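Heads up: the structure comes next, in structure tokens.
Predicted model, so just to flag it, every value in this text is computed and none were measured. Note that ligands are numbered from 1 as they come in the structure, with each ligand's atoms numbered from 1 the same way.
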Amino acid sequence: MAGSLAILSLMVWLSSCLPPSQASKLPNTCFGPIDWDNCPDSPLLQCATYKVPLDYARPGIGNATLGLARLPASKSPRLGTIFLNPGGPGGSGVADIKAIASAVTVLTNGQYDVVGWDPRGFNQTVPNLTCGFESVQERQDFFNGTVINDGIEVRGNFTGKNDLESFFSTLTQTDAILERFGQKCAEGNPFLKYLGTTAVARDIVSMSDCLDGPDKPVNYYGISYGSVIGTYLVNMFPKRVGRVIIDGIVDAIGWATEPSFKLIPSVFGDAEATLAGFTNLCVQAGPSNCSFATKGSTGASLLREITDLIDIAYDKHKAGRTNITSFEIRSDVYNGLTLPTTWDASLVPQLVSIRNNLLRSTSTTLSTKRFRSRNVLFQQTSTPVDPVLPAFLGGSVIPCLDSIDQPNVTTKDVYDEVVHTSQTVSPLFGEAILGILFFSNCHRFPVRAVERFTGPFNSTLANPILIIGNKADPRTPISNARKIAAALGPFARLLEQDGFGHTSLAENSDCTLGMIRRYLLTGELPEIGEVCAVNQALFPPNGTTLAPPS
Ligand SMILES: *[C@@H]1O[C@H](CO)[C@@H](O)[C@H](O)[C@H]1NC(C)=O
Ligand SMILES: *[C@@H]1O[C@H](CO)[C@@H](O)[C@H](O)[C@H]1NC(C)=O
Ligand SMILES: *[C@@H]1O[C@H](CO)[C@@H](O)[C@H](O)[C@H]1NC(C)=O
Ligand SMILES: *[C@@H]1O[C@H](CO)[C@@H](O)[C@H](O)[C@H]1NC(C)=O
Ligand SMILES: *[C@@H]1O[C@H](CO)[C@@H](O)[C@H](O)[C@H]1NC(C)=O
Ligand SMILES: *[C@@H]1O[C@H](CO)[C@@H](O)[C@H](O)[C@H]1NC(C)=O
Ligand SMILES: *[C@@H]1O[C@H](CO)[C@@H](O)[C@H](O)[C@H]1NC(C)=O
Ligand SMILES: *[C@@H]1O[C@H](CO)[C@@H](O)[C@H](O)[C@H]1NC(C)=O
Ligand SMILES: *[C@@H]1O[C@H](CO)[C@@H](O)[C@H](O)[C@H]1NC(C)=O
Ligand SMILES: *[C@@H]1O[C@H](CO)[C@@H](O)[C@H](O)[C@H]1NC(C)=O
């Protein structure tokens with residue numbers, strides 16, 4: 001009896017662990033106990049390191065070491081472990097769990113162990129991803145004088161023939177620097193091919209095997225790029241799916257199956273709609289609470305004004321009368337849209353200062369730093385030493401490691417897509433993509449991961465997952481959420497939040513937080529077609545990014 005039970009559970013383990021596309025051999029299991037210790041800097045949390053195979057298909061060749069931090073459940077019944085990923089790629093789950101543990105506890109009612117971990121490649125994991133850069137300065141020097149650093153000067157949405165010509169005149173140089181960047185990352189880093197999202201999905205299952213047991217449901221909550229991890233995870237391990245939430249959805253299907261540059265438009269789909277939300281709410285708040293508005297402003301007039309400021313910067317910069325570039329305004333406004341609770345204190349004064357500077361007749365200077373904003377995720381994150389470098393490296397390397405081969409893609413294809421995105425999807429912001437390299441360099445990246453998941457993305461899941469999208473998210477448009485949800489059919493439920501900013505956490509919605517909490521505690525999903533309103537006053541801000549539900 002006992003023997004047959006053991007065989008049965010072994011069979012369950014085998015069939016549940018193997019992704020259908022690899023219905024063979026890869027071992028996924030717990031590789032030894034995870035020994036928790038108190039975290040030196042956070043009394044409530046436990047820390048650990050955990051070794052996983054560099055390559056699950058060849059466990060003998062070496063290990064990667066992950067960093068973990070856990071907030072143990074405080075109430076019974078304990079419902080299991082939930083793994084958190086803050087996105088990036090490049091975000092540190094360890095740092096983020098330290099920052100948001102107490103807020104997450106409210107969502108889990110203290111009934112889950114909440115685990116944040118540093119995905120292979122980042123923070124204190126081994127191997128790490130540095131591409132040989134030790135500082136942001138080194139990275140800037142490397143790209144000095146190229147469109148990656150300097151951006152491109154464009155009037156309107158590439159309306160002028162001159163702008164198109166001058167953009168395309170940089171093509172050869174860009175092509176060369178993209179190639180050199182790839183070589184630099186690969187050089188002296190034989191471990192690069194062991195990073196990437198497919199391995200990360202296996203790591204989650206392996207950690208879950210250790211912490212909850214080899215045949216137990218895997219629970220996961222990932223935002224932004226964390227939604228790519230989540231989409232891979234549930235489709236690679238459909239029988240292991242427990243409670244899984246993804247929020248701020250990236251097109252993981254395109255990520256895994258299309259040449260990367262084709263995803264450029266998918267970044268900007270709702271960027272202009274978010275800006276329209278900003279200008280409308282600013283006008284509603286009025287000049288006393290949103291000083292970018294003036295008496296008689298309308299949402300449309302403010303939009304026009306921002307468009308005009310970009311063109312004025314373009315003209316004055318060309319004439320040597322300002323050091324503010326149109327590219328900087330585009331990047332800064334685009335980054336500023338990410339988090340509405342900072343519009344009042346950050347985006348508004350920035351726009352006012354740009355306006356004051358540019359409309360002044362003398363020559364103007366502005367001290368704004370590009371790349372200032374991190375790929376903003378869980379906002380309360382403790383300030384890391386240098387957040388910019390991992391965010392840059394994550395965004396420019398991980399999509400490439402995950403990507404299909406792209407033998408026929410050229411840098412001209414990328415340029416055409418940038419112009420196309422600017423002319424048809426986002427005239428104000430489509431030009432800004434080159435500054436962050438996301439999706440624009442993978443055809444020139446020489447390394448791919450040893451294992452790359454390419455689907456299916458319509459797997460039959462053991463439990464339905466919860467997909468959340470903001471209606472106007474400047475980085476991850478709602479169309480991505482609808483696409484991933486449609487692929488999963490009955491195994492996903494889409495919750496739309498009627499708000500602005502990147503991920504639903506960008507604004508407080510008691511409704512959304514209540515849905516998340518109910519799903520985590522009972523498995524109950526929102527109704528089909530459910531839309532959550534936000535309750536977040538923005539001018540001035542009164543909320544927190546991840547407020548406990550009331
Ligand atoms: C990887 O780590 C495991 C568990 O700590 C250990 O048993 C194994 O020997 C390591 N493998 C290599 C190749 O170092
Ligand atoms: C990355 O790993 C290399 C060795 O693999 C080490 O020399 C270097 O210090 C590490 N860098 C960081 C930032 O941890
Ligand atoms: C960057 O390029 C500019 C000209 O494009 C040059 O003046 C400057 O010295 C360069 N800086 C570095 C660090 O190479
Ligand atoms: C501006 O903000 C103050 C303080 O929150 C508030 O009392 C006032 O009603 C707001 N004004 C407008 C026009 O919204
Ligand atoms: C513009 O010039 C000023 C003064 O020379 C400098 O402090 C500032 O950093 C520059 N700003 C930009 C965006 O280059
Ligand atoms: C990196 O990991 C260390 C130790 O695990 C943690 O204290 C720190 O906050 C992390 N740093 C970043 C930038 O994520
Ligand atoms: C690349 O182009 C060659 C020649 O045109 C063609 O045979 C091949 O199928 C293409 N490969 C891909 C992946 O599109
Ligand atoms: C691009 O600019 C042209 C000319 O100003 C304009 O007609 C067109 O509507 C713009 N495209 C978009 C998508 O806004
Ligand atoms: C998943 O999609 C593929 C390709 O679109 C299709 O052939 C297959 O039938 C689908 N599987 C399920 C379970 O819906
Ligand atoms: C913020 O304001 C909204 C109404 O605009 C209110 O419902 C909400 O409770 C407030 N939140 C906080 C934290 O004060």
Side-chain angles (χ1 to χ4, degrees), residues 19-21 23 27-35 48-68 120 125-127 154-164 167 190-191 194 199 202-203 206-207 209-210 231 234-239 241 252-254 256-258 264-265 268-276 279 300 303-304 306-308 310-312 314-315 326 330 334 417-432 450 453-462 464-465 477 483-492:
S21 60
N28 226 116
T29 182
C30 175
F31 297 98
I34 296 179
D35 295 319
T49 56
Y50 178 53
K51 285 193 173 131
V52 284
L54 283 170
D55 181 349
Y56 280 83
R58 282 169 289 270
I61 64 169
N63 288 321
T65 305
L66 311 179
L68 280 65
R120 40 175 83 196
T125 65
V126 182
V154 179
R155 215 172 196 291
N157 57 19
F158 281 107
T159 9
K161 196 161 143 285
N162 291 347
D163 289 343
L164 277 176
F167 178 41
F191 301 116
Y194 304 120
R202 291 193 181 283
D203 293 342
S206 177
M207 291 187 286
D209 287 344
C210 295
T231 304
V234 301
N235 282 290
M236 286 173 64
F237 299 94
K239 296 189 172 137
V241 174
I253 300 177
T257 60
E258 287 181 47
I264 290 174
F268 294 99
D270 288 339
E272 308 272 327
T274 315
L275 184 66
T279 57
L303 274 181
R304 160 103 19 104
I306 292 170
T307 310
D308 288 347
I310 290 171
D311 287 347
I312 293 168
Y314 174 93
D315 291 336
S326 63
R330 293 180 199 270
Y334 180 66
E417 193 66 67
V418 170
V419 172
H420 171 255
T421 300
S422 159
Q423 291 186 334
T424 65
V425 179
S426 177
L428 288 173
F429 306 118
E431 302 81 353
V450 287
F453 181 69
T454 57
F457 289 98
N458 57 356
S459 301
T460 297
L461 310 188
I465 70 168
K483 177 175 177 179
I484 301 300
L488 284 167
F491 300 105

Among all protein non-hydrogen atoms, which one is nearest to atom 5 (O) of ligand 8, and what is the separation to 0.1 Å? Thr159 CG2, 3.4 Å
To the nearest 0.5 Å, atom CG of Leu66 lies from atom OH of Tyr50 at 8.0 Å
The protein heavy atom nearest to atom 1 (C) of ligand 1 is Asn63 ND2, 1.5 Å
Side chain to side chain donor-acceptor pair (under 3.5 Å) between Tyr56 and Asp203, worked out: CA-CA 9 Å; Tyr56 280 83; Asp203 293 342; 2.7 Å; yes
Among protein heavy atoms, which sits nearest to atom 4 (C) of ligand 1, and what does the distance come to when rounded to 0.1 Å? Phe31 O, 3.8 Å
Starting from atom 2 (O) of ligand 8, what is the nearest protein heavy atom, named by residue and atom, and what distance separates them? Asn157 ND2, 2.6 Å
Give, for atom NE2 of His420 and atom CZ of Phe158, the distance between the pair rounded to the nearest 0.5 Å. 13.0 Å
Is atom 14 (O) of ligand 8 close to the protein, meaning a heavy atom under 4.0 Å from it? yes
Can you tell me how far the CZ atom of Arg330 sits from the OH atom of Tyr314, to the nearest 0.5 Å? 10.0 Å
Hey, is Gly62 one of the residues with a heavy atom under 4.0 angstrom from ligand 1? yes
Under 3.5 Å, is there a donor-acceptor pair between the Asn235 and Ser459 side chains? yes
Check whether more than 12 heavy atoms from other residues, nucleotides or ligands sit under 6.0 Å from atom NZ of Lys483, and answer yes or no. yes
If you scan the protein for heavy atoms around atom 11 (N) of ligand 1, do you find one that is closer than 4.0 Å? yes
Heavy atom of Gly156 under 4.0 Å from ligand 8? no
Protein heavy atoms: any of them under 4.0 Å from atom 7 (O) of ligand 9? no
